[in-house]
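Here is the structure we will look at.
Order of appearance sets the numbers: ligands from 1, and atoms from 1 within every ligand. All of these numbers come straight from a predicted model, not from anything done at the bench.
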Amino acid sequence: MSKFWSPIVHQLTPYVPGEQPKISNLIKLNTNENPYGPSLKVLNAIEIETGNSLRLYSDPTSERLVNAIAQYYQLKPQQIFVGNGSDEVLAHTFQALFQHGKPLLFPDITYSFYPVYCKLYGIEAKTIPLNTHFEVDLSDYLRPNGGIIFSNPNAPTGHGVGPGEIEMLLRQNTDSVVVVDEAYIDFGGESTVALINEYPNLLVIQTFSKSRSLAGLRVGFAMGSEALIAGLIRVKDSFNSYPLDSIAISGAAAAMQDRVHFEYTRKRIITSREQLTAELETLGFDIIPSQANFLFVTHPQHDAAALAGDLRIKNIIVRYFNKPRIDQYLRITIGTDDECKILVDALRNIVNTP
Ligand SMILES: *Cc1c(COP(=O)(O)O)cnc(C)c1O
């Protein structure tokens, strides 16, 4: 607290990211990073960028990157917005596209940045409980609103809804923007991008942090109608003209173009996820079927916080949320097969020790 803070700063409840400890030999399964490195083509593109040209400002329109995304998804460049991580893209979306006076709807259990942005931008929030299977049921969202946002697949549950259900919502919800946060879509969900040309109020947000293994580069993007994208650009150009540096623009464009590395790593993660699910089930865990690069698990005989603590002693960190409804769950990122094996051995040891 400080008397020098503006009134709004006193009101904020900042997001608390998963920790990034500086410990060696750590098995880090707490923030859904990709266990595999980025494409070598990305590293080459970055190296080419790290020369004298860094004295120049980066391209304020990130044209190379916008074009690479447009080409990948068969959209017009005017339908793409890029930002400094999808967190920044989300922030601009909250400011540019959600109406005041009516509540923004989002699930009670979801990405915890959404309520943070509501406070920052003075948007009223109305949370809609997940159903008893911990699923987003979009028929619960057919009510007056100033916008709707959900992640698909959802975090931290990993459950995904299909494009048919999302289209049902879009057909009936035509007066406010529907945002689908597809941070994990490449791990088995079906993207809603295909509906963009039909529904002018649909915005799809993705990130390079998870499936393209570039969390440290900070690049995210939104796709939608030209009118929605123009609104985001107006906010961006009133906030920061150069949110992406030259290195990020080149590296992310190369990542979008390297489909081979992308397909190989994402399929490996999907395979490891299915193996890990089966092994944890044999240890007695209940697991929500996941379409993401993490599992959301609970054990009927073991307290989740205690499990997280026991794993930490063994240098394995997973994510525990001390929040209503999910305080007996752990969210575990899919690591390499070696990391998954070390995790399973550790958990076997923990759950079999009386
Ligand atoms: C990781 C994540 C993001 C943020 O991604 P960045 O691009 O790294 O900012 C957004 N939404 C969800 C649901 C996420 O899990």
Side-chain angles (χ1 to χ4, degrees), residues 14-20 28-35 38 42 62 65 69 80-94 104 106-118 120 127 130 134-136 148-161 166 178-189 191-192 203-223 232 236 239-240 243-245 247-249 251-252 255-256 266 269 273 288 290-296 318-319 321 323 326 329 331-334:
Y15 177 74
V16 183
E19 51 175 338
Q20 300 286 352
K28 191 174 175 306
L29 306 175
N30 67 328
T31 49
N32 297 342
E33 286 138 335
N34 198 307
V42 170
S62 300
L65 174 57
I69 297 168
I80 314 286
F81 177 81
V82 297
N84 187 249
S86 61
D87 286 339
E88 187 186 76
V89 176
L90 283 164
H92 291 341
T93 299
F94 274 64
L104 174 71
F106 54 84
D108 60 339
I109 310 294
T110 189
Y111 189 38
S112 40
F113 233 129
Y114 305 155
V116 173
Y117 289 136
C118 282
L120 181 60
T127 55
L130 298 184
F134 270 13
E135 297 164 355
V136 171
I148 296 174
I149 184 166
F150 55 95
S151 12
N152 190 45
N154 197 13
T157 61
H159 175 264
V161 296
I166 296 174
V178 175
V179 177
V180 187
D181 180 349
E182 296 190 347
Y184 301 102
I185 198 70
D186 297 317
F187 300 109
S191 175
T192 314
L203 191 77
V204 175
I205 297 182
Q206 295 190 2
T207 175
F208 284 77
S209 297
K210 315 296 180 13
S211 58
R212 287 186 173 80
S213 201
L214 290 171
L217 202 62
R218 309 305 303 130
V219 185
F221 55 105
M223 299 171 282
L232 291 172
K236 172 225 160 216
F239 178 79
N240 179 0
L244 290 195
D245 58 70
I247 291 169
I249 293 169
M256 214 67 207
R266 91 185 170 93
I269 291 167
R273 176 185 72 211
I288 297 180
S290 172
Q291 294 185 347
N293 67 336
F294 57 82
L295 297 177
F296 203 49
V318 299
R319 194 87 191 259
F321 301 91
K323 287 189 185 167
I326 56 170
Y329 281 82
R331 192 193 69 191
I332 305 175
T333 305
I334 308 300

> Quick check: does any side chain N or O of R331 sit under 3.5 Å from a backbone N or O of P156, one acting as donor and the other as acceptor?
Replying inline: no

> Under 4.0 Å from ligand 1, counting heavy atoms only, is it the side chain of S209, its backbone, both or neither?
Replying inline: side chain

>> I want to confirm something. Looking only at heavy atoms, which of D87, V89, L90, T207 is nearest to atom 7 (O) of ligand 1?
In response: T207

>> Given F150, which partner from the list V178, V179, D181 fulfils the side chain to side chain contact (heavy atoms under 4.5 Å, CB included) test?
In response: V178

> For ligand 1, is any non-hydrogen atom under 4.0 Å from K210's backbone (N, CA, C, O), its side chain (CB onward), both, or neither?
Replying inline: side chain

> Charged N to carboxylate O below 4.0 Å: is that the case for R218 and D245?
Replying inline: no

>> With a cutoff of 4.0 Å, is Y184 in contact with ligand 1, counting heavy atoms of the residue only?
In response: yes

>> So, 4.0 Å and heavy atoms of A183: is ligand 1 close enough to count as a contact?
In response: yes

> What pairs of residues pass the salt bridge (Lys or Arg N to Asp or Glu O under 4.0 Å) test when at least one of them lies in residues 148-159, not counting sequence neighbours?
Replying inline: none

> Which of the atoms of ligand 1 are close to R218, meaning less than 4.0 Å from one of its heavy atoms?
Replying inline: 6 (P), 8 (O), 9 (O)

>> Could you check whether any heavy atom of D181 sits closer than 4.0 Å to an atom of ligand 1, since that is the contact criterion I want to use?
In response: yes

> Between the main-chain N or O of K210 and the side-chain N or O of N34, is there a donor-acceptor pair closer than 3.5 Å?
Replying inline: yes

